[in-house]
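See below for the structure under consideration.
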Amino acid sequence: MGRQVMQFATTAILGRLLSPDDFGLLGMATIVIGFVGLFKDLGTSAAVIQKKHLSESLVHSIFWINVGFGLLGTIIIFVISPLVAKFYEEPRIAPVLMVLSCAFFISSISILQNAILQKKLAFNKLANIEIFAVFNGSAIGIVSAFLGFGVWSLVYQSLTVTTVTTVLLWITTAWKPKLVFSWNEVRQVGRYSLNLTGFNIFNYFARNADYILIGKFLGSESLGYYTLAYRLMLYPLQNISGVLGKVMFPAFAQVQNDNARFSRAYLKVVATIAVVTFPLMICLWAISEPFILTLFGAQWQPVIVLLMILAPIGMTQSIVTTVGTIYTSKGRTDWMLRWGVGSGTFVTLAIIIGLQWGIVGVATAYATASFLLTYPNFAIPFRLIDLRVNDLIAVLWRPFLASLLMLGVLMSLKILILPTSLASAWVLGILVPTGLITYLLASWFINREQMQELLATLGVKR
């Protein structure tokens with residue numbers, strides 16, 4: 001929780017200090033960095049976690065593969081940065097990419113250490129490392145922004161987080177690499193890893209086609225607005241579903257041959273996610289205007305409508321994103337790849353169609369395509385664990401209904417009671433606690449069991 005609050009606060013502060021153009025420039029660079037980053041471990045980390053028995057020679061071999069691809073990624077980004085600048089017709093991108101390329105090699109030497117800690121379920125240690133790294137990155141980014149470094153504040157923030165994380169992973173992990181490499185050992189996990197990498201490539205393009213097209217055809221300022229809205233939508237995915245996903249994968253891998261236990265555990269996890277993310281995203285939809293104006297300022301006003309379009313999709317995707325652990329835990333990354341190709345193509349085509357209506361059209365197209373893919377996103381992987389979509393609905397309808405009741409109260413208060421002349425900060429200060437109290441009361445009456453499980457998970461006594 002500390003890391004999530006810190007990241008959000010940092011984004012809000014930097015949003016006040018930097019321009020949409022600065023965020024857009026980093027968004028352009030991040031697309032390229034993220035794509036090349038898909039190749040830096042070729043899915044080997046997931047293979048380390050999923051595979052029950054690992055030889056020492058395989059572990060050392062995977063480490064050197066990661067380092068090799070990390071170094072190669074740094075070189076490739078450095079070389080192609082002028083071409084990327086030419087593609088976007090934005091010369092400021094080239095030096096940003098050159099500096100950010102260093103992150104590939106830095107992170108590559110700690111990928112395996114991270115996977116080892118995940119396999120050992122050492123999530124408290126990983127969480128502490130992430131918090132410390134984010135704190136240092138936030139401090140560097142905010143100070144740099146105050147000093148007028150512009151987009152470089154975001155670059156320094158990113159590099160600081162990567163460097164501190166790598167150093168701490170080396171310090172806290174007992175395992176150390178040796179000059180050992182066995183190609184025969186690597187081939188044992190090759191099919192699993194390459195299928196996973198193939199899926200990640202198509203999924204990456206589907207998730208970033210909007211960034212690429214907006215940056216190319218609408219410019220850095222429009223991309224800056226879209227980046228902030230999308231980043232806010234991603235918070236529950238990255239910081240709630242993503243964190244639980246890291247815990248789920250090694251845990252599910254241990255019961256991969258028992259579908260009944262797997263299904264029960266999966267439903268329990270997604271129910272816990274929904275109790276938090278459903279009200280969070282529905283509330284964000286209701287308070288989008290005072291939220292943006294109060295925390296980020298009037299310069300970010302175009303983000304309001306984008307947030308209202310993307311927030312409901314953030315709610316559904318907070319659950320959809322968990323199905324990846326089913327594919328990987330069951331060792332069926334081939335299914336994952338085939339579905340990724342189809343769904344990724346569909347989303348990309350929708351975004352291309354929406355582009356002619358600007359960033360609002362892109363957001364609407366992305367949201368529509370994502371909504372249409374919701375059912376198959378669940379139905380296909382559920383076949384691997386003998387789970388029905390109706391079983392999922394049975395654990396999600398209660399937090400959804402409680403969230404809708406909260407929405408009804410918030411909209412009634414906002415439209416019928418609060419004066420339109422009231423300052424945004426006051427509106428936000430009234431709506432947020434009202435929404436929280438309403439949701440907790442509604443949940444206590446219609447979703448008490450899941451609320452009690454969540455409190456137990458958080459260590460709160462009933």
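All heavy atoms count here, side chains included; hydrogens, waters and symmetry mates do not.
Side-chain contact between Leu307 and Met281: absent, with no pair of heavy atoms (C-beta onward) separated by less than 4.5 Å. By the 4.5 Å heavy-atom criterion applied to side chains, Leu413 and Leu431 are counted as neighbours. For the pair Thr165 and Val134, the minimum side-chain heavy-atom distance is 4.5 Å or more. The closest side-chain heavy-atom distance from Leu228 to Pro20 is not below 4.5 Å. Side-chain atoms of Ile282 and Met406, non-hydrogen and from C-beta on, do get closer than 4.5 Å to each other. The shortest side-chain heavy-atom distance between Met451 and Leu440 falls under the 4.5 Å cut-off. Contact annotation: the side chain of Ile287 approaches that of Leu428 to within less than 4.5 Å [non-hydrogen atoms, C-beta and beyond]. The shortest distance between side-chain heavy atoms of Thr272 and Gln450 does not fall below 4.5 Å.
Atom CD1 of Ile129 is separated from atom CG of Asn114 by 8.0 Å, given to the nearest 0.5 angstrom. For the atom pair Ile171 CD1 and Gln113 CD, the distance stands at 11.5 Å (nearest 0.5 Å). Rounded to the nearest 0.5 angstrom, Leu306 CG and Ser288 OG are separated by 10.0 Å. Separating the CD1 atom in Ile273 from the CG atom in Leu396 is a distance of 9.5 Å, to the nearest 0.5 Å. Considering CZ of Phe23 and CG of Leu18, their distance stands at 5.5 Å, rounded to 0.5 Å. With values rounded to the nearest 0.5 angstrom, Leu169 atom CG is found 10.5 Å from Ser107 atom OG.
Between the side chain of Thr321 and the backbone N or O of Gln317 there is no donor-acceptor pair closer than 3.5 Å. Proximity of a side-chain donor or acceptor of Trp300 to a complementary backbone N or O of Leu295 within less than 3.5 Å is not detected. Side-chain atoms of Ser222 do not come within 3.5 Å of backbone N or O of Gly219 as any donor-acceptor pair. With Thr173 contributing its side chain and Trp170 its backbone, the two residues share no donor-acceptor pair below 3.5 Å. Checking side-chain atoms of Lys414 against main-chain N and O of Ala286 turns up a donor-acceptor pair under 3.5 Å. Judged by distance alone, with hydrogens and angles left aside, the side-chain atoms of Ser424 form no donor-acceptor pair with the main-chain N or O of Leu293 at under 3.5 Å. The main-chain N or O of Met98 is never found under 3.5 Å from a side-chain atom of Ser81 such that the two would form a donor-acceptor pair. A side-chain donor-acceptor contact under 3.5 Å links Thr294 to the backbone of Ala425. Side chain of Tyr439 to backbone of Val275: a donor-acceptor contact under 3.5 angstrom is found. Side-chain atoms of Ser158 never come within 3.5 Å of backbone atoms of Leu154 as a donor-acceptor pair (strictly under, hydrogens ignored).
Side chain to side chain, Ser144 and Ser153 fail the donor-acceptor criterion of an N or O pair below 3.5 Å. Looking only at atom types and distance, the side chain of Tyr266 has a donor-acceptor partner in the side chain of Thr322 under 3.5 Å away. Under the 3.5 Å distance criterion, with hydrogens and angles disregarded, no donor-acceptor pair is assigned to the side chains of Asn66 and Ser108. Looking at Tyr366 and Tyr230, their side chains do bring a donor and an acceptor atom within 3.5 Å of each other. There is no side-chain donor-acceptor pair under 3.5 Å between Asp22 and Trp152.
A distance of 6.0 Å or more separates the ring centres of Phe291 and Trp285. Less than 6.0 angstrom separates the ring centroid of Trp175 from the ring centroid of Phe63.
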- Item | Stepwise side chain to side chain contact (heavy atoms under 4.5 Å, CB included) test for Val409 and Leu405 | CA-CA 6 Å; Val409 171; Leu405 292 172; 5.9 Å; no
- Task: Would you check, one step at a time, whether the test side chain to side chain contact (heavy atoms under 4.5 Å, CB included) holds for Leu25 with Ile93?
- Result: CA-CA 7 Å; Leu25 286 172; Ile93 285 293; 4.0 Å; yes
- Residue pair Leu284, Met308: steps toward the side chain to side chain contact (heavy atoms under 4.5 Å, CB included) verdict: CA-CA 8 Å; Leu284 188 58; Met308 294 184 71; over 6 Å; no
- Query: Hey, mind stepping through Thr160 and Gln157 against side chain to side chain contact (heavy atoms under 4.5 Å, CB included) and telling me if it holds?
  - Reply: CA-CA 5 Å; Thr160 301; Gln157 177 193 13; 5.9 Å; no
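In the displayed structure, Glu89 atom CD is contacted under 6.0 Å by at most 12 heavy atoms of other residues, nucleotides or ligands. Counting heavy atoms of neighbouring residues, nucleotides and ligands inside a 6.0 Å radius, atom OH of Tyr156 exceeds 12 of them.
Geometrically, Lys216 does not engage Tyr88 in a cation-pi contact, judged by NZ or CZ lying under 6.0 Å from the ring centre and within 45° of the ring axis.
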